Number of protein chains: 2
Amino acid sequence: MSHKKKVTIYDLAEKINYSPSTISRALKDHKSISKKTTKLIKKAAQEMGYRPNSLAASLRNSKSNTIGIMISRINRPFISSLISGIEETARLAGYNVIISQSNDLFDNEVSNAKVLCDSQVSGLVVSLSMETTNYDHFRQFEEMGVPVVFVDRVPDQFNSYRVVIDNYRAGYDATKHLIDEGCKRIAHFAGSQKMNVYRDRKNGYLDALRDAGMEVDEKLIYEFYTLSSEEGEKATQELLSLPDPPDGLFSSNDTAAVSAILCAKKNNVKVPEELAVIGFNDDPVASIVDPSLSTITHPAIKMGEISAKRILEHDPDSLDKDVAEITILNTDVIIRDSSRKKSKQN
Amino acid sequence: MSHKKKVTIYDLAEKINYSPSTISRALKDHKSISKKTTKLIKKAAQEMGYRPNSLAASLRNSKSNTIGIMISRINRPFISSLISGIEETARLAGYNVIISQSNDLFDNEVSNAKVLCDSQVSGLVVSLSMETTNYDHFRQFEEMGVPVVFVDRVPDQFNSYRVVIDNYRAGYDATKHLIDEGCKRIAHFAGSQKMNVYRDRKNGYLDALRDAGMEVDEKLIYEFYTLSSEEGEKATQELLSLPDPPDGLFSSNDTAAVSAILCAKKNNVKVPEELAVIGFNDDPVASIVDPSLSTITHPAIKMGEISAKRILEHDPDSLDKDVAEITILNTDVIIRDSSRKKSKQN
DNA sequence: GTATTACATGCAATCGATTGTGTAAAATTT
DNA sequence: AAATTTTACACAATCGATTGCATGTAATAC
């Protein structure tokens with residue numbers, strides 16, 4: 001009934017008459033221990049069911065081999081894939097991952113940062129909450145020499161690693177695609193303009209319009225907070241009620257884009273003929289909705305892998321605290337039915 | 001440039017001339033330290049930027065306040081919501097969560113179990129890999145007195161906590177619903193019959209048919225390995241090519257169900273008129289696909305919350321190692337368009 | 001005014017692994 | 001055979017927080 005008491009290197013030492021230090025060294029194949037002794041010790045360890053206590057090792061080495069992850073919410077396609085990429089890479093390198101959700105609340109993010117810092121994480125991967133505009137709570141990691149990797153939703157200025165896509169470019173390309181398909185009035189669902197992710201996408205949209213000699217109509221631009229389907233539905237309804245409704249829509253995420261498609265259908269507005277739509281992220285729903293949603297790829301798993309690698313390969317002795325290392329990944333326009341006004345190929 | 005060295009209770013002790021033990025007690029409001037001293041110590045701790053080292057505390061107390069999670073893959077709707085529920089509950093109780101994916105491979109699951117056990121997790125939440133039929137790698141937790149909560153994909157026999165839905169009932173209800181809608185030949189996409197989750201759903205399906213006096217046609221029953229859209233598509237194609245194709249389909253997950261709907265549409269088979277479909281899980285895609293997919297709810301977040309609570313409330317002194325505590329959650333049939341043959345209400 | 005109790009704090013061991021330094025014995029060199 | 005180097009291992013401190021026990025002082029009781 002009682003729990004098996006844990007076997008430590010001291011138990012082993014006593015049992016087979018070697019010192020704990022020899023045991024410790026033998027178990028990690030330290031060269032100063034003879035082959036014979038090493039084999040003997042390992043065998044005994046096996047037999048006695050010895051299991052290393054990683055907490056003790058972590059404390060002694062003051063490194064936990066753990067990567068902390070701070071995100072808004074796990075149960076979103078992009079985020080869960082991002083985490084998946086981080087975890088896979090971390091695990092293969094012998095690292096654990098600790099996860100904490102902010103639920104997009106700044107205060108949660110701050111307290112989570114504290115907890116993770118106190119947990120002695122070896123590195124931190126962060127995708128900021130919607131509310132975050134102050135980044136002081138990440139200074140503590142910097143001070144402890146713990147590398148911080150911001151991914152996707154990143155601060156404008158913070159000397160650390162950043163893993164992002166070129167949101168401006170993606171926004172430009174998405175909009176350009178609609179223009180190429182013949183759209184004349186293109187609406188935009190933007191996310192919070194406090195986040196550079198959404199700001200950049202919007203700027204790409206604006207510049208694409210300008211480059212095509214099209215006017216920017218502020219009535220066609222919505223700034224959402226969460227880019228939820230509710231927000232998307234409501235805005236679409238308004239757009240369709242305009243005297244001069246748009247014939248194209250670039251949404252900063254797929255959720256709102258899908259709701260726009262559904263709303264259009266409900267209003268007997270044909271997609272893409274009367275309203276061409278392109279989203280962002282390539283969520284699973286994008287290929288399921290009818291008509292299927294054109295969108296921008298968001299390489300979540302790969303971004304996770306790269307983020308993890310940044311931490312794993314981080315050189316603690318590098319003195320360049322004053323440099324930001326930014327990795328920018330490519331995105332692609334995926335053309336599906338929701339925007340295919342004239343092009344039939346592809 | 002150099003990292004700020006961490007402030008420990010010894011630094012504090014030296015600075016303000018108290019012993020480390022007093023510091024330690026004061027910081028956690030131990031009653032044997034006077035109010036005045038406590039206040040003074042806390043103030044000093046604040047000023048010197050003291051941060052507790054949770055590793056040290058964990059080692060000393062041999063409890064890490066960490067919940068380990070073992071799942072197949074994070075980036076699936078059910079799993080990510082499950083994790084979300086666990087994390088939220090754990091965090092509010094001051095616990096961290098460590099995640100590891102098995103990618104549905106048994107060997108990964110075994111090695112992950114070892115890692116988490118060595119990490120001294122306070123408890124473990126597990127949803128088994130597809131391949132798992134041997135559960136010996138969970139014994140080590142039992143031996144250490146670490147509570148294990150199996151959720152959703154659980155072992156048939158293992159004395160521990162289990163958090164599940166009534167899959168038999170759900171399978172029965174889903175099938176019964178199709179029968180009520182007038183289906184005469186109902187196909188079934190089953191998952192691996194090595195997993196009781198899918199076995200139970202299938203048994204519910206079989207019994208519903210029998211109770212309705214309908215014959216079971218093995219040609220209409222597919223056993224899938226991953227229940228992927230590829231498998232679903234292929235099987236649907238076969239089913240529709242039968243001389244006597246089914247007029248109803250109960251799929252053990254939404255992914256395959258959606259692929260069936262899309263395949264049917266491609267073949268000009270009307271859903272639900274010619275083929276009524278019901279899925280399982282209520283993934284986001286279920287309400288997006290056209291026609292919208294009827295399905296069975298799978299209370300992922302709630303299951304996560306309960307799983308976490310089982311661990312948080314676990315009494316280590318309880319001697320009932322020989323009892324399994326099973327929590328069974330209710331599911332509901334969500335009727336959408338894909339199965340609404342005659343009922344128009346609701 | 002002495003005895004008893006309560007209160008506030010310090011001492012030192014502990015959790016388990018790691019590692020710099022020291023040392024005896026064995027191996028090698030000359 | 002003496003000198004030198006190498007090999008193989010042990011000692012003891014360390015990481016930082018925790019806690020049972022001891023101790024000294026102040027407060028209360030008789």
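Chain A is the first sequence line, chain B the second, and so forth, proteins listed ahead of strands; every chain is numbered from 1. Everything numeric here is computed off the predicted structure, so don't read it as measured data.
- Looking at S72(B) and M130(B), their side chains never come closer than 4.5 Å, going by heavy atoms from C-beta outward.
- For K114(A) and N112(A), the side-chain atoms include no donor-acceptor pair closer than 3.5 Å.
- A salt bridge does not link D29(A) to K35(A): none of the charged side-chain nitrogens sits closer than 4.0 Å to a carboxylate oxygen.
- If you check the side chains of T37(B) and S34(B), you find a donor sitting under 3.5 Å from an acceptor.
- For R51(A), the side chain to side chain donor-acceptor pair (under 3.5 Å) test picks out D118(B), Q140(B), with sequence neighbours left out.
- A donor-acceptor contact closer than 3.5 angstrom links the side chains of S119(B) and N96(A).
- Among the heavy atoms of the strands lying under 4.0 Å from Y18(A) are primed sugar atoms or P, OP1, OP2 only; no base atom is included.
- A heavy-atom distance below 4.0 Å to DNA chain D is reached by these residues of residues 48-61 of chain B, ordered by number: Y50(B), R51(B), P52(B), N53(B), A56(B), A57(B), R60(B), N61(B).
- Residues D152(A) and V163(A) are not in side-chain contact: their nearest non-hydrogen atoms beyond the backbone lie 4.5 Å or more apart.
- Applying the salt bridge (Lys or Arg N to Asp or Glu O under 4.0 Å) definition to pairs two or more places apart or across chains, those involving residues 90-99 of chain A are E87(A)-R91(A), E88(A)-R91(A).
- Side-chain contact between I67(A) and L124(A) is absent, with no heavy atoms from C-beta onward closer than 4.5 Å.
- Contact annotation for N17(A): backbone-only contact, meaning every heavy-atom pair under 4.0 Å involves sugar-phosphate atoms and none involves a base.
- In the model, S129(A) has a side-chain atom that pairs as donor or acceptor with a side-chain atom of T132(A) under 3.5 Å.
- Here the range on DNA chain C touched by chain B, meaning any atom under 4.0 Å from one of its heavy atoms, is dA8(C) to dG16(C).
- Between the axis at the start and the axis at the end of the helix from dG1(C)-dC30(D) to dT30(C)-dA1(D) there is an angle of 40°, using five pairs per end and rounding to 10 degrees.
- Contacts between residues 22-44 of chain A and DNA chain D, defined by a heavy-atom separation below 4.0 Å, involve T22(A), R25(A), S32(A), I33(A), S34(A), T37(A), listed by number.
- Checking T22(B) against S19(B) by side-chain atom types alone, a donor-acceptor pair falls below 3.5 Å.
- With hydrogens and angles ignored, the 3.5 Å screen pairs a side-chain donor or acceptor of S307(A) with a backbone N or O of M303(A).
- There is a side-chain donor-acceptor pair under 3.5 Å between S84(A) and Q101(B).
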